[in-house]
Amino acid sequence: MKQINGIAASSGIAIAKAYQLVEPDLTFEKKKIDNPNDEIDRLEAALAKSKDELEKIREHAKKEIGDEHAEIFSAHLLVLSDPELIKPIKDKIMTENEMAEAALKETADMFIDMFKNMDNEYMRERAADIHDVTKRVMAHLLGATFPDPALIDEEVIVIAKDLTPSDTAQLNREFVKGFATDIGGRTSHSAIMARSLEIPAVVGTKESTKIIEQNDVIIVDGMNGIVLVNPTDNEINSYKEKQAAYEEQKDEWAKLKDEASVTSDGSHVELAANIGTPEDVEGVLNNGGEGVGLYRTEFLYMGKNQLPTEDEQYDAYKSVLEKMGDKPVVVRTLDIGGDKELSYLDLPKEMNPFLGFRAIRFCLENEPIFRTQLRALLRASVHGNLKIMFPMIATLEEFRQAKAILLDEKDNLLNEDVDVSDDIEVGIMVEIPSTAVTAKQFAKEVDFFSIGTNDLIQYTMAADRMNEQVSYLYQPYHPAILNLVNNVIEAAHSEGKWTGMCGEMAGDSIAIPILLGLGLDEFSMSATSILPARTQLRQLSKADMASYKDTLLSMGTADEVVAFVKEKTEQ
Ligand code: PEP
Ligand code: MG
């Protein structure tokens with residue numbers, strides 16, 4: 001047995017065989033061939049296998065994520081049957097005695113270069129399609145397997161260097177029992193999604209892909225950030241017991257599903273959930289969520305090859321609002337950038353994507369995209385209790401500009417005789433230190449704040465949230481963070497506004513007592529954290545926690561804060 005340590009990203013224990021989601025080496029040694037007809041046969045066989053796989057993946061995607069998301073695979077299938085691509089490959093084999101691999105690569109590269117540089121967005125997307133598809137054909141020519149999460153049909157633990165949010169969205173909950181990645185942190189989006197999918201996960205293990213072989217037996221302990229490779233029978237049995245104990249604990253928490261989130265001294269706070277898709281609402285309600293504190297709408301824009309239309313967005317927002325009834329739903333406008341890419345927008349690679357052209361910065365520069373989303377939201381507003389918030393606000397001007405566009409679209413809709421709700425609160429995420437520091441000025445203009453600690457911590461501590469090398473500096477309990485959070489809450493309250501928190505810190509058992517004492521009004525977290533948080537809150541006294549506020553805010557280090565909270569709350 002070998003133990004690999006990483007960062008605990010999603011609770012639970014999984015035991016299954018490893019499935020290496022690592023792209024095979026697609027390099028080859030170029031040589032001339034003697035028998036072109038054999039080469040054509042090899043090419044045809046590789047094309048046929050690729051088509052077969054893509055059809056399976058498309059069917060799977062239709063079932064799991066809907067017809068529109070499956071479109072991308074139809075586009076890939078079209079590429080494979082396109083004579084304009086296939087004929088030149090065959091010609092190269094027949095007339096230049098090229099091996100199939102070289103003919104495929106040279107032809108594909110030629111088309112990719114040509115399309116990539118065109119002005120037309122549709123043609124640029126074709127470059128990406130050809131790239132993806134020819135990789136699969138190449139793998140078959142080289143006798144390598146091209147891993148595909150959608151093709152997994154037995155219980156496995158996925159091992160990958162990294163999982164993008166769209167890879168994570170494709171994981172099939174029935175078969176993927178857990179995952180371990182080399183890179184990433186607790187607040188990288190794949191970790192956040194693992195929690196909403198309730199898949200145990202360990203990230204930032206640095207070397208899982210090197211140490212673990214395909215089909216090794218793996219245990220992922222998502223509570224302690226441990227991955228065990230080829231454990232002994234005794235170890236497996238002991239982890240099976242832990243798994244059973246965790247399930248029992250979940251049953252215990254479930255008893256509080258319909259209970260109020262009240263502290264032992266009678267204060268109510270709102271426990272809401274963060275979601276990425278309308279399908280996540282079921283988990284929110286099953287876990288007793290009192291609202292949606294953050295709907296990350298960018299997932300609507302991902303895993304496809306074009307922007308979602310106004311109607312597609314309207315349907316998604318309406319569905320969430322209707323399912324939540326009169327419970328509040330805070331929808332965040334598009335927060336693309338950082339670790340969330342939209343390949344079809346073809347934005348230039350940046351040196352520091354988390355500090356770059358993202359979120360509201362992108363939306364204010366791309367007004368038509370922003371306006372489409374706002375119209376969809378405004379139209380959906382009559383179907384529930386909608387609140388809108390803008391991500392990554394750094395200056396008051398940005399907020400004013402975004403709000404003015406929202407009001408302009410509202411006027412447009414009213415002029416078109418479309419109903420729009422009259423009382424939509426408009427707030428901002430506080431995830432940039434400049435905004436946290438000047439919260440007083442913002443509080444006069446916004447309806448609410450939602451503190452995004454995932455980013456606020458990385459910007460305050462100058463420690464990339466994705467980089468496990470500096471994860472020791474990513475300190476939610478650092479007094480600098482607590483003071484910023486306190487500043488935001490006080491500023492809001494002085495103007496009669498409310499403050500929520502939708503960063504992962506809101507569901508953390510050490511942070512919860514502190515945030516309660518600071519007066520946070522709404523805690524929004526992964527749905528699976530709600531019941532443990534409610535259990536904890538019911539045992540805490542808000543008055544006691546508030547009395548520790550000055551002591552906590554004046555402490556020197558995160559460790560002191562943790563020790564103090566543990567002592568006071570007997571954790
Ligand atoms: C945050 O930054 O805390 C947040 C909730 O947004 P995201 O994790 O999507 O960046
Ligand atoms: Mg953020």
Side-chain angles (χ1 to χ4, degrees), residues 7 9-10 163-166 168-169 184-196 203 272-277 280 291-302 329-342 352-363 387-394 398 427-436 439 448-467 471 474-478 481-482 484-485 488-489 499-508 511 515 520 522-527 529:
I7 297 166
S10 176
L163 286 174
T164 63
S166 67
T168 316
R186 217 188 121 71
T187 62
S188 44
H189 284 95
S190 50
I192 290 171
M193 288 178 75
R195 291 197 280 282
S196 45
V203 298
N274 299 342
I275 63 167
T277 68
D280 293 343
V292 167
L294 166 65
Y295 176 3
R296 290 185 164 93
T297 56
E298 46 280 5
F299 293 110
L300 259 174
Y301 294 68
M302 294 160 74
V329 175
V330 183
V331 180
R332 172 173 79 182
T333 58
L334 179 62
D335 181 7
I336 211 62
D339 62 338
K340 291 173 289 196
E341 289 179 13
L342 287 188
N352 285 306
F354 274 101
L355 298 182
F357 186 52
R358 57 174 290 205
I360 200 68
R361 305 164 183 190
F362 170 84
C363 286
K387 301 172 197 298
I388 296 177
M389 71 177 169
F390 304 122
M392 295 287 294
I393 294 287
E398 282 174 341
I428 58 167
M429 294 205 52
V430 182
E431 41 193 345
I432 298 183
S434 62
T435 304
F448 65 92
F449 290 127
S450 183
I451 307 177
T453 46
N454 302 342
D455 280 316
L456 184 65
I457 297 168
Q458 74 166 345
Y459 299 138
T460 307
M461 306 300 293
D464 185 341
R465 68 195 257 192
M466 303 285 289
N467 185 340
S471 63
Y474 191 90
Q475 298 181 2
Y477 324 112
H478 192 283
I481 305 298
L482 305 188
L484 286 178
V485 169
V488 177
I489 298 173
T499 299
M501 178 180 286
C502 58
E504 291 301 304
M505 184 174 173
D508 178 287
L515 299 170
L520 189 74
E522 177 235 42
F523 295 60
S524 192
M525 56 194 73
S526 307
S529 303

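Sequence positions, counted from 1, serve as the residue numbers for this chain. Read the numbers this way: they start at 1 and go in the same order the structure lists the ligands and their atoms.
The proximity of Lys340 to ligand 1, defined as any non-hydrogen pair under 4.0 Å, is limited to the side chain. Residue-level proximity to ligand 1 for Met392 is absent, since no heavy atom of it falls below 4.0 angstrom. Here Glu504 has no heavy atoms under 4.0 Å from ligand 1, in either its backbone or its side chain. When heavy-atom distances to ligand 1 are checked against a 4.0 Å cut-off, Leu294 comes that close only through its side chain, counted from C-beta outward.
Close contacts of ligand 1 with Asp455, meaning ligand atoms under 4.0 Å from a residue heavy atom, involve 1 (C), 2 (O), 3 (O), 10 (O). For ligand 1, the atoms sitting less than 4.0 Å from at least one non-hydrogen atom of Gly503 are 3 (O), numbered in the order shown with element in parentheses. Here is the list of ligand 1 atoms found below 4.0 Å of a heavy atom in Cys502: 5 (C). Within the listing of ligand 1, atoms 4 (C), 5 (C), 6 (O), 7 (P), 8 (O), 9 (O) sit less than 4.0 angstrom from a heavy atom of Arg296. The contact set between ligand 1 and Glu431, taken as ligand atoms under 4.0 Å from a residue heavy atom, comprises 1 (C), 2 (O), 6 (O).
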*Step by step, would you call Tyr474 with Asn467 a side-chain hydrogen bond (donor to acceptor under 3.5 Å, both in side chains)?*
CA-CA 10 Å; Tyr474 191 90; Asn467 185 340; over 6 Å; no
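With respect to atom 6 (O) of ligand 1, the closest heavy atom belonging to the protein is Arg332 NH1, 2.9 Å. Remark: minimum distance from atom 7 (P) of ligand 1 to any protein heavy atom is reached at His189 NE2, 3.4 Å.
Here the side chains of Thr187 and Met466 are not in contact, with every heavy-atom distance at 4.5 Å or above. Proximity of Ile457 to Asp455: side-chain heavy atoms (C-beta onward) are nowhere separated by under 4.5 Å. Contact of the Ile428 side chain with the Thr435 side chain is registered, since non-hydrogen atoms from C-beta on lie closer than 4.5 Å.
For Asp455, the N, O or S atom closest to the Mg ion (ligand 2) goes by the atom name OD2. Within Glu431, OE1 is the N, O or S atom that lies nearest to the Mg ion (ligand 2).
In this structure, CG in Leu484 is found 10.5 Å from NE2 in His478, a value given to the nearest 0.5 Å. Note that CZ of Phe299 is 8.5 Å distant from CD1 of Ile336, once rounded to the nearest 0.5 Å. We find the CD-CD1 distance between Glu398 and Ile432 to be 6.5 Å, quoted to the nearest 0.5 Å.
Residue-ligand proximity: Arg465 is placed with a non-hydrogen atom under 4.0 Å from ligand 1.
In summary, Asp335 places no N/O/S atom under 2.8 Å from the Mg ion (ligand 2), failing the contact criterion.
Phe357 approaches Arg361 most closely through the heavy-atom pair CE1-O, 3.5 Å. The two residues Cys502 and Met389 make their nearest non-hydrogen contact at SG-CE, 4.2 Å.
Of the possible donor and acceptor atoms, one in the side chain of Asp508 sits under 3.5 Å from a partner among the backbone N and O of Ala511.
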